[in-house]
Number of protein chains: 2
Amino acid sequence: MNDLLRKSIELYSGQSLSEECALQFNAFVFEKTLDKKALLLEAGQSCNYIFFVLSGSCYSYLADRKGDTQVVQFALEGYWISDLASFFSGNKSTYSIECLEPTKVLMMNKAAFEQACSAMPILERYFRVLIQNAYVSMQYRMAKTTSEEAEDRYTEFATRHPDFMQRIPQYLIASYLGIQPQSLSRIRKQLASKR
Amino acid sequence: MNDLLRKSIELYSGQSLSEECALQFNAFVFEKTLDKKALLLEAGQSCNYIFFVLSGSCYSYLADRKGDTQVVQFALEGYWISDLASFFSGNKSTYSIECLEPTKVLMMNKAAFEQACSAMPILERYFRVLIQNAYVSMQYRMAKTTSEEAEDRYTEFATRHPDFMQRIPQYLIASYLGIQPQSLSRIRKQLASKR
DNA sequence: CGGGCAGATTAACCTATGTTAATAAATGAA
DNA sequence: TTCATTTATTAACATAGGTTAATCTGCCCG
């Protein structure tokens, strides 16, 4: 089993993963390699997989009212990404997922997910905690977004995610923060002149 | 067992709840009645419970940078509300929860939550799906918030939650939407004149 | 090595929302 | 009922961020 994944499982489940489980897990997933700009998922299709990023990076997005890209999530190595609503319901996905770099992912479909969770309680717990944490930080981020200005949001993002800053183009970070690339440029300039 | 709760469990777990489970569940929770403006939770304390609203309504909020109230969630009858980060970690809560009306809640502490989930798989599943859905809609709401204008957000909120509109003061809805009460007033006026 | 394209910056102007302050309407307690 | 308090509205002005458009930078690929 991939080391990143093992660490993720042990970290979030709070338990250590037996060799046996690790082997069993491998039977439920498969690996895929994608080029930069390749799509892991296209909005409108049903999302049949959850993806674990082994190397590279990708992001999910939707088209807003005006047809512009609205970034929803970034995923570097060690992150899971998917359109969960579609994955769990089988309905058409609202998001697309695109690779930012050449990317390797592990893929797991719904049947495998259900089976793996039933077979290994540690996984059931792992995914529950993962989603729980994602929900909690989403809720917090939402509160910050509605109460703070773009400059503060950018500063917090840059502080929290220095690794993202290196590898993700600014115009996508701007979208994620809910502003135009031009505005982000302006904000960066202001911040630079403050020091 | 309360009927709202039974329906919620059956709806989200996708299974029907046996009489036996229903009785067993009751041993894990207790009821509390609160006045309007009473606090279910005060920011800074540890959040020891999750609350299921039986009647009345409440909302969670935090103080933003300027010390203003930033609404995080509303909960009418049939909703769960808590500070999950604090509930699961035991750390101090970032949110407060206040009753909007005289309110009756069911309360469940962490030990009870863990026990109940272990004892009854239907509950484990219920809470997982509940959080999963909450996460999914939070992510979607976030994308809408960063890409759409206040007017659209208000219209969508009003359409999706006509029940909230009747019972929640406008200045709290404004906070939830990330705008000032004055701006919401202005937006409502514009919308009214459009018809 | 050089042309083309994606990404970033800059600037001028525009608009939605914030701010401040005053008033009005609704609610609730005595 | 009346008064006090909370909530909602209105208006004038300020500003963060959007829009448009032009320029700049770097880098990928032929």
Side-chain angles (χ1 to χ4, degrees), chain A residues 35-38 56-59 61 64-71 74 98-102 143-158 164-194, chain B residues 35-38 56-57 59 61 64-71 74 98-103 143-158 164-194:
Chain A
D35 292 334
K36 180 171 174 171
K37 299 210 173 172
S57 57
C58 53
Y59 70 106
Y61 62 93
D64 72 12
R65 194 154 300 193
K66 297 175 203 147
D68 297 338
T69 286
Q70 172 61 46
V71 173
F74 296 117
E98 182 177 322
C99 297
L100 285 167
E101 311 169 275
K144 290 292 181 179
T145 296
T146 45
S147 69
E148 284 178 14
E149 316 226 304
E151 180 178 318
D152 300 305
R153 268 141 54 206
Y154 172 70
T155 306
E156 178 158 353
F157 180 85
F164 286 30
M165 301 301 292
Q166 305 311 315
R167 292 165 60 185
I168 298 169
Q170 271 182 43
Y171 73 97
L172 291 179
I173 294 180
S175 163
Y176 181 82
L177 294 173
I179 55 177
Q180 299 304 119
Q182 297 91 319
S183 303
L184 181 51
S185 233
R186 176 161 46 196
I187 285 169
R188 283 163 52 83
K189 197 181 174 186
Q190 285 165 11
L191 284 173
S193 74
K194 280 189 185 170
Chain B
D35 293 334
K36 179 172 175 171
K37 298 209 172 173
S57 57
Y59 70 106
Y61 62 93
D64 72 13
R65 195 154 297 193
K66 299 177 200 143
D68 296 338
T69 286
Q70 173 60 48
V71 173
F74 297 115
E98 183 178 320
C99 298
L100 284 167
E101 310 170 275
T103 297
K144 289 294 180 176
T145 297
T146 46
S147 69
E148 283 178 13
E149 315 228 303
E151 181 178 317
D152 301 305
R153 273 144 46 210
Y154 173 71
T155 306
E156 179 158 352
F157 180 85
F164 287 30
M165 300 300 290
Q166 305 311 315
R167 293 165 59 184
I168 297 169
Q170 268 182 45
Y171 72 97
L172 290 180
I173 294 179
S175 163
Y176 180 82
L177 295 174
I179 56 177
Q180 299 303 120
Q182 296 92 317
S183 302
L184 181 51
S185 231
R186 175 163 42 199
I187 285 168
R188 284 163 52 82
K189 195 180 172 186
Q190 283 165 12
L191 285 172
S193 75
K194 279 188 188 169

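The chains referred to below are lettered A, B, ... by the order of the sequence lines, with proteins before strands, and numbering in each begins at 1. Quantities reported herein were computed from a predicted structural model and do not represent experimental measurements.
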* **side-chain N/O A:Lys66 vs D:dG18 OP1/OP2, d < 4.0 Å** => no
* Structure fact -> By nearest-heavy-atom nucleotide on DNA chain C, the more 5' of B:Glu149 and A:Leu184 is A:Leu184
* Hey, does B:Arg186 reach any base, or is it just sugar-phosphate, or nothing, if we go heavy atoms under 4.0 Å? -> base
* Are the side chains of A:Glu149 and A:Asp152 in touch, meaning some heavy atoms are under 4.5 Å apart? -> yes
* Once you round it to whole Å, what is the distance between P of C:dG18 and CD of B:Glu151? -> 14 Å
Considering only nitrogen or oxygen atoms on both sides, find all protein atoms under 3.5 Å from nucleotides 24-30 of chain C and state each distance.
none

* **OP1 or OP2 of C:dT17 under 4.0 Å from side-chain N/O of B:Ser183** => no
* Could you tell me whether the side chains of B:Gln70 and A:Thr146 share a donor-acceptor contact shorter than 3.5 Å? => yes
* Asked: So, is A:Arg188 near the phosphate of C:dT9, with a side-chain N or O under 4.0 Å from OP1 or OP2?
  -> yes
* Contact summary for B:Cys99 and B:Asp35, nearest pair of heavy atoms -> CB-O, 3.5 Å
* Asked: Is there a side-chain contact between B:Leu191 and B:Tyr154, using heavy atoms and a 4.5 Å cut-off?
  -> yes
* Grab the NZ-P distance between A:Lys37 and D:dC27 for me, whole Å please. => 15 Å
* To do: Using a 4.5 Å cut-off on heavy atoms from C-beta on, say whether the side chain of A:Leu177 contacts that of A:Ser183.
  => no
* Between the two end axes of the helix from C:dC1-D:dG30 to C:dA30-D:dT1, each built from 5 base pairs, what angle do you get to the nearest 10°? -> 50°
* Asked: Does the side chain of B:Leu172 come within less than 4.5 Å of B:Phe74's, by heavy atoms?
  -> yes
* Tell me which of A:Lys189 and B:Ile187 sits closer to the 5' end of DNA chain C, going by the nucleotide each one is nearest to. => A:Lys189
* Residue pair A:Arg153 / A:Thr145, side-chain heavy-atom distance below 4.5 Å -> yes
* Beyond-backbone contact of B:Leu100 with B:Pro169, side-chain heavy atoms, under 4.5 angstrom -> yes
* **SB check B:Lys144 B:Glu156 (cutoff 4.0 Å)** => no
* To do: Tell me, with the steps shown, if A:Phe157 and A:Tyr176 meet ring pair (Phe, Tyr, Trp, His ring centres under 6.0 Å).
  => CA-CA 10 Å; A:Phe157 180 85; A:Tyr176 181 82; 5.3 Å; yes
* Within residues 168-182 of chain A: residues closer than 4.0 Å to DNA chain D (heavy atoms) -> A:Gly178, A:Ile179, A:Gln180, A:Gln182
* Between P of D:dG18 and CG of A:Asp68, the distance in whole Å -> 11 Å
* Answer yes or no: is there a side-chain heavy-atom contact under 4.5 Å between A:Met165 and A:Ile173? => yes
* Asked: Starting at CG of B:Leu191 and ending at P of C:dA16, how long is that distance when rounded to a whole Å?
  -> 13 Å
